[in-house]
Amino acid sequence: MHHGVGPASWTIMRRAVSNGHSIRTGLEDTLVLEDGSPAVSNAQLVAAASAIVQGSEGELSTLSG
């Protein structure tokens, strides 16, 4: 399970997902979205992290097989 602190958390999450690892996020980890805009809720951060995972699913299935 990977997560980061502050704006760097997005890079860490992308790297973790690309390596097949789980991620987590919340306002305790970062107060900004990947584009640097302020996050207004945990739900907004989770939706952004979910988009990273969903966007990588095609890449992961290609790698596995």
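When a residue number appears, it is its place in the shown sequence, counting from 1. All heavy atoms count here, side chains included; hydrogens, waters and symmetry mates do not.
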Where Ala49 and Met13 come nearest, the two heavy atoms and their spacing: CB-SD, 4.2 Å
Any sub-3.5 Å donor-acceptor pair from Trp10's side-chain atoms to Val32's backbone N or O? yes
Under 3.5 Å: donor-acceptor pair, side chain of Asn19, backbone of His21: no
Nearest heavy atoms of Ser56 and Val17, plus distance in Å: OG-CG1, 2.9 Å
Candidate pair Glu34 and Ile52, rule side chain to side chain contact (heavy atoms under 4.5 Å, CB included), full reasoning: CA-CA 10 Å; Glu34 191 169 14; Ile52 290 172; 4.1 Å; yes
Nearest atoms (heavy-atom pairs only) where Ala16 meets Ser22: CB-O, 4.5 Å
Same apolar cluster: Leu27 and Ile23, side chain cutoff 4.5 Å: yes
Between atom OG of Ser9 and atom CZ of Arg14, what is the distance when rounded to the nearest 0.5 Å? 11.0 Å
Where is the tightest heavy-atom contact between Leu45 and Gly26, given as atom of each residue plus distance? CD1-C, 3.4 Å
Treat each ILVMFWY residue as a node, draw an edge where side-chain heavy atoms are under 4.5 Å apart, and state whether Ile12 and Val46 are in one component. no
